[in-house]
Protein chains: 2
Amino acid sequence: MDEKRIAEIFKAFCDENRIRIIKLLRSGEKCACKLLEEINVTQPTLSHHMKILCDAEIVVGRKEGKWTHYSISEKGVKQAKECLRHLTTLDVESTNESCREK
Amino acid sequence: MDEKRIAEIFKAFCDENRIRIIKLLRSGEKCACKLLEEINVTQPTLSHHMKILCDAEIVVGRKEGKWTHYSISEKGVKQAKECLRHLTTLDVESTNESCREK
DNA sequence: AAAATATATTGACATTTTTCTATATGTTGC
DNA sequence: GCAACATATAGAAAAATGTCAATATATTTT
């Protein structure tokens with residue numbers, strides 16, 4: 001996966017308000033109006049954060065009439081975990097020259 | 001863990017150059033001069049990114065004379081994984097009111 | 001069809017982040 | 001001690017991000 005996409009995924013987790021939103025979704029699907037009650041931002045700001053979370057595919061929105069219900073995306077989370085695992089696992093295959101000197 | 005610290009950890013993964021650096025460290029410990037050769041930024045910019053990676057505890061620096069050797073921190077990675085797991089795991093204990101309406 | 005409600009988009013502003021140049025600090029070898 | 005090298009810090013500029021007020025869009029209700 002390219003660096004740009006990886007960055008996009010993890011941007012979900014690097015803003016305090018988005019982390020609060022994710023924590024709220026741990027208890028299950030919630031509509032935007034409910035999230036808005038529990039978080040200290042205006043409605044357009046919440047909408048902006050939900051877009052970032054959805055673009056990262058950590059969250060999915062389900063439209064139902066005038067409401068949008070958001071929930072944690074199992075699929076996206078799996079991808080994020082796999083991505084984190086891959087990034088941080090030593091690659092034993094690759095040779096290594098640790099320093100120009102020595 | 002508080003939102004601020006969680007955001008700090010995942011900031012390691014939300015910049016393209018930092019992801020490139022982490023990918024380079026997958027092949028093992030590397031000194032700053034070696035990383036600098038392989039990445040298209042100036043030395044102070046690299047230093048800045050290394051600080052963010054170290055603050056997130058995803059990377060550790062080992063000083064040896066005039067060199068600093070960087071490597072992926074198993075301990076920090078473990079914490080990040082655990083953090084991601086916790087954030088994205090449904091909390092079955094908590095009751096849920098998904099929407100104000102209905 | 002008009003009013004009310006839920007969410008998204010636009011545009012402006014403030015803050016944060018990334019980047020650079022210049023300079024400082026610390027280490028090694030002469 | 002001095003020159004050369006590796007890395008860090010300071011400060012400034014540019015870019016990206018977070019935030020809000022205003023407004024648009026879509027849906028439901030009356």
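Proteins come first, then strands; the chains are lettered A, B, ... in the order of their sequence lines, and each starts at number 1. All values below come from the heavy atoms of this structure, side chains included, with hydrogens, waters and symmetry mates left out.
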- Item | Length of the CD-P vector between Glu3(B) and dG18(D), whole Å | 15 Å

- Task: Quickly work out the Ile19(B) CD1 to dT17(C) P distance and round it to whole Å.
- Result: 16 Å

- Item | Lys11(B) and Glu8(B) ion-paired at < 4.0 Å | no

- Message: In this structure, how many angstroms lie between the P atom of dC20(D) and the CG atom of Asn17(A), rounded?
- Response: 9 Å

- What integer distance in Å separates Ile52(A):CD1 from dT9(C):C1'? 14 Å

- Task: Would you mind telling me which of Thr45(B), Leu46(B), Val41(B) makes a side-chain contact (heavy atoms from CB on, under 4.5 Å) with Asn17(B)?
- Result: Val41(B)

- Message: Students often get this wrong, so: under 4.0 angstrom with heavy atoms, is Leu36(A) touching a base, only sugar-phosphate, or nothing?
- Response: nothing

- Of Gly65(A) and Thr42(A), whose closest DNA chain D nucleotide lies nearer the 5' terminus? Thr42(A)

- Is the side chain of Lys30(B) donor-acceptor paired with the backbone N or O of Leu24(B) at a distance under 3.5 Å, no angle test? yes

- Per-nucleotide protein contact string for nucleotides 1-12 of chain D, where B marks a base within reach and S marks sugar-phosphate only (heavy atoms under 4.0 Å, - for neither): ----BSBBB---

- Task: Please answer whether the main-chain N or O of His49(B) pairs with a side-chain N or O of Arg18(B) as donor and acceptor at a distance below 3.5 Å.
- Result: no

- Query: In whole angstrom, what separates Lys11(B)'s NZ from dA16(D)'s P?
  - Reply: 17 Å

- Item | Derivation and outcome, side chain to side chain contact (heavy atoms under 4.5 Å, CB included), residues Phe10(B) and Cys83(B) | CA-CA 10 Å; Phe10(B) 288 102; Cys83(B) 190; 3.9 Å; yes

- Task: Could you tell me the separation between the NE2 atom of His49(A) and the P atom of dT9(C), rounded to a whole number of Å?
- Result: 15 Å

- Message: Suppose we screen for ring pair (Phe, Tyr, Trp, His ring centres under 6.0 Å). Which residues come up paired with Tyr70(A), at least two apart in sequence or across chains?
- Response: none

- Message: Using whole Å, what does the distance between atom C1' of nucleotide dG18(D) and atom CD of Glu16(A) come to?
- Response: 12 Å

- Message: Rounding to an integer number of Å, can you tell me how far Arg18(B) CZ sits from dT16(C) C1'?
- Response: 12 Å

